[in-house]
2 protein chains.
Amino acid sequence: MRKQVTLKDIAAAAGVHVSTVSRALDPVTATTLSDEVVAQIRSAATAMGYRRNRIASSLRTQQSKTVGVVLPDISNWIFPPMVRGIEKVLEEAGYAAFFVNTDNLVAREERLLSALLERGVDGILHAAVLRDSPALAALAAEGLPVLTLNRRVDPSRIPCVINDENAGIQMMVTHLVEAGHSQIAAISGPQALSTGMMRQQALLTTLAGMGLRQPACSHVEANGFSEEEGSRCCAELFDRGNHFTAILCANDRLALGALSELRARGLSCPDDVSLTGYNDMPYLDWIAPGLTTVRIEQAEAGRVAAELMLQMLNGAEVPQETVMPVTMIRRGSVTPPRRLRELQASRNPV
Amino acid sequence: MRKQVTLKDIAAAAGVHVSTVSRALDPVTATTLSDEVVAQIRSAATAMGYRRNRIASSLRTQQSKTVGVVLPDISNWIFPPMVRGIEKVLEEAGYAAFFVNTDNLVAREERLLSALLERGVDGILHAAVLRDSPALAALAAEGLPVLTLNRRVDPSRIPCVINDENAGIQMMVTHLVEAGHSQIAAISGPQALSTGMMRQQALLTTLAGMGLRQPACSHVEANGFSEEEGSRCCAELFDRGNHFTAILCANDRLALGALSELRARGLSCPDDVSLTGYNDMPYLDWIAPGLTTVRIEQAEAGRVAAELMLQMLNGAEVPQETVMPVTMIRRGSVTPPRRLRELQASRNPV
DNA sequence: AGCCCTTACGCAATCGTTTGCATAGCCTGA
DNA sequence: TCAGGCTATGCAAACGATTGCGTAAGGGCT
């Protein structure tokens with residue numbers, strides 16, 4: 001911070017009191033002043049290159065016009081669009097955002113939360129929350145505006161913006177079944193995250209609803225949403241010796257990991273095994289054979305979350321749960337199982 | 001911001017003056033106090049859940065322990081790793097960062113810069129700078145620590161951390177030439193950005209140094225580093241009717257755009273045209289045929305830049321220019337030109 | 001003309017920390 | 001014993017903006 005021109009300087013230049021300057025510069029309080037004074041002060045201010053010191057302002061008003069945004073890891077492709085959505089809305093409302101990454105590490109998260117609070121954030125938008133998050137719940141209980149995004153604290157009264165995991169998983173399962181798959185293996189996400197949990201639940205209810213059974217032995221739980229875990233889990237599915245013609249993965253990165261494991265085993269997707277993902281990461285359509293997946297609207301979710309946050313900051317009530325719609329993206333990674341294809345081919349020879 | 005426990009509260013509880021509490025809580029000034037008092041105050045502070053109000057602190061000390069990080073667009077894949085590198089270093093030093101995205105829009109950049117300054121950032125790390133950036137130069141001249149990353153203000157005394165564009169381009173050209181290409185087209189980046197400019201310069205000097213000539217007509221300048229521009233420029237290369245067997249692209253996204261245009265024209269990479277990129281975006285190896293490119297170390301560059309920024313914040317001098325090394329990543333998008341391959345095949349029949 | 005109300009602005013306290021200076025007490029040394 | 005010095009702490013003024021309250025001037029009304 002360097003020496004800057006303050007209200008006092010402008011007051012001296014304009015021959016008025018600093019409080020008058022303060023009022024002249026705020027459109028709403030300026031109405032109590034005479035037009036000439038306001039005009040004079042404003043022109044003096046711009047002439048002198050005045051820039052409001054928000055720190056002093058924050059101290060006095062007890063609000064920093066700042067929110068903290070907590071992410072697991074911005075390097076994860078699904079977050080940048082979300083961040084842009086958040087930033088856009090907040091910036092237009094005069095808010096700035098501190099972005100931090102927890103790497104899903106509890107200790108790190110606590111440190112970062114603390115840093116955010118020291119800096120007087122007016123609210124926290126949390127996209128990296130664990131299902132069980134007492135610290136955050138405590139903050140919310142104290143009256144700090146808190147909203148979770150993509151995930152939720154479970155159970156709690158913290159408002160959240162999440163995606164329609166049920167619909168998404170149901171689409172994928174239906175799509176696989178309609179393609180003729182009846183032996184569907186699954187790689188699910190970490191159950192400590194609400195997304196992992198909810199998608200897994202959705203899978204079970206969907207299968208049950210369709211009268212299918214997914215044997216426990218063809219279901220592996222990943223320890224994280226990464227390619228490595230996807231490969232590991234895929235390998236484990238094969239090692240168990242169960243037969244399956246498709247793998248439903250809890251997100252795209254797990255699916256990519258599975259894809260590379262398939263290739264490593266000399267198998268082809270979709271010829272030997274169909275694969276589905278979740279999230280629709282950017283550039284996914286560039287990767288052959290094109291992963292069939294569920295698109296979640298990250299940027300839109302970010303915008304919605306930021307708008308809800310603004311409402312909370314204004315003291316308004318917001319819905320406990322906002323569910324964003326998802327859509328299915330069909331690409332090349334799902335085809336009918338080989339058996340069916342061959343059957344079809346023999347019936348309709350070329 | 002909610003009611004919080006202040007130094008005054010602790011002072012009252014401990015029966016001392018608030019200045020004493022302030023001193024007790026700062027490890028360095030605490031040495032002037034008696035050990036018992038310090039211990040007593042500290043325990044009272046933690047017992048009462050004291051959290052330092054950095055806003056008040058900033059106002060008094062005139063430094064916010066905050067830096068502004070200006071990006072073109074966090075959705076661009078090369079930035080998230082950089083952001084993580086920056087965040088890691090700054091956070092360890094007790095700094096927090098405001099991240100903003102300019103979308104390469106001058107008006108937006110000015111608004112954002114202004115917002116950062118109002119919030120009293122101690123320094124600015126700028127990765128979205130145009131070659132000509134008077135506003136930023138002015139800030140730097142006023143004594144605000146400013147450092148540019150990935151790009152530079154040209155000319156100016158603003159320190160920068162950039163990549164070794166010369167080496168990178170030279171590697172790509174050499175690789176193409178060694179593969180047998182002599183008719184190399186180029187899609188260069190926007191010349192308003194130092195990266196676009198420097199890579200273009202590097203291309204010309206490299207070609208000249210090798211005794212090759214790149215005719216102006218097989219060189220197209222993109223208006224932005226995007227897939228769309230890559231496609232457009234690739235199309236323009238064909239429309240001009242010049243013959244070429246390889247396209248050197250100023251970054252990966254341009255190369256991807258070119259790739260899709262090739263496919264749209266029924267051509268194959270690398271069978272018909274070889275392609276090179278720049279940056280080595282994540283997941284690029286998943287995209288067939290695998291783009292041969294230049295890897296730049298984003299995370300490392302972010303770390304280095306943040307450390308230089310910390311030095312500047314401490315009043316130290318830093319080098320005017322820090323050049324990060326780059327490495328070549330060979331994948332499948334470059335092969336000898338068809339003519340050579342056929343020649344080879346006829347000589348060594350399988 | 002006198003009263004009151006409004007208008008337009010000044011006054012001063014306040015937000016929570018930091019820090020230069022003042023001071024009270026104690027110790028040391030002559 | 002007393003000057004002088006040191007130690008440990010208190011005092012109060014900042015930092016810059018905001019805002020409740022006070023008040024002078026002016027105008028309208030009777």
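Note on naming: letters A, B, ... go to the chains in the order of the sequence lines (proteins, then strands), and numbering restarts at 1 for each one.
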J.: Checking all strands, does B:Val16 fall into the base, sugar-phosphate, or nothing category for heavy-atom contacts under 4.0 angstrom?
T.: sugar-phosphate

J.: Considering all heavy atoms of both residues, which atom of B:Met312 and which atom of B:Val318 are nearest to each other, and what is their separation?
T.: CG-CG1, 3.7 Å

J.: When you get a sec, tell me which of D:dT9, C:dT17, D:dT19 is the closest nucleotide to the side chain of B:Thr32?
T.: D:dT9

J.: Taking the side chain of A:Arg23 as its heavy atoms from C-beta onward, which of D:dT9, D:dC21, C:dT17 lies nearest to it?
T.: D:dC21

J.: More 5' along DNA chain C: A:Val37 or B:Tyr50, using each one's nearest nucleotide?
T.: A:Val37

J.: Can you name the nearest heavy-atom pair linking B:Pro80 to A:Ser75, along with the distance?
T.: CB-CA, 3.6 Å

J.: Rounding to an integer number of Å, can you tell me how far B:Leu7 CG sits from D:dG10 P?
T.: 13 Å

J.: Starting at atom CG of B:Asp9, determine the distance to atom C1' of C:dT17, rounded to an integer number of angstrom.
T.: 13 Å

J.: From C-beta outward on B:Ser34, which listed nucleotide comes closest to its side chain: C:dT17, D:dG10, D:dT9?
T.: D:dT9

J.: Can you figure out which of D:dC11, C:dT17, D:dA17 approaches the side chain of B:Ser57 most closely?
T.: C:dT17

J.: Among the nucleotides D:dT19, D:dA12, D:dT9, which one has an atom lying closest to any side-chain atom of B:Thr20?
T.: D:dT9

J.: Can you find a donor-acceptor N/O pair under 3.5 angstrom joining the side chain of A:Arg54 to the base of D:dG16?
T.: no

J.: Taking NZ, NE, NH1 and NH2 as the nitrogens, is one of them in B:Lys65 or A:Glu118 under 4.0 Å from a carboxylate oxygen of the other?
T.: no

J.: So which one's nearest nucleotide on DNA chain D is more toward 5', B:Leu33 or B:Thr61?
T.: B:Leu33

J.: Please confirm whether the shortest side-chain N or O distance from B:Gln62 to OP1 or OP2 of D:dG16 is below 4.0 Å.
T.: yes

J.: To the nearest angstrom, how far is B:Leu25 atom CG from C:dG16 atom P?
T.: 16 Å

J.: Measure the distance from NZ on A:Lys8 to P on D:dA13 and round it to the nearest whole Å.
T.: 14 Å

J.: Please state how far atom CD in A:Glu118 lies from atom P in C:dG16, giving the value in whole angstrom units.
T.: 15 Å

J.: Without decimals, in angstroms, what is the distance between A:Asn53 CG and C:dC15 P?
T.: 18 Å

J.: Working note: B:Arg52 + B:Asp26, criterion side chain to side chain contact (heavy atoms under 4.5 Å, CB included); need CA distance, chi angles, decisive distance, verdict.
T.: CA-CA 11 Å; B:Arg52 181 219 299 234; B:Asp26 178 345; over 6 Å; no

J.: Please tell me which of the listed nucleotides, D:dT9, D:dC15, C:dG16, lies nearest to the side chain of B:Thr6?
T.: C:dG16

J.: Which nucleotide wins on minimum distance to the side chain of B:Ala56, given the candidates C:dA12, C:dT17, C:dT19?
T.: C:dT17

J.: Is B:Glu142 paired with A:Arg51 through a side-chain N to carboxylate O contact shorter than 4.0 Å?
T.: no

J.: Just how far, in rounded Å, is P of D:dT9 from CD of B:Glu36?
T.: 7 Å

J.: Figure out the CD1/C1' separation between A:Ile10 and C:dC9, and round it to whole Å.
T.: 17 Å

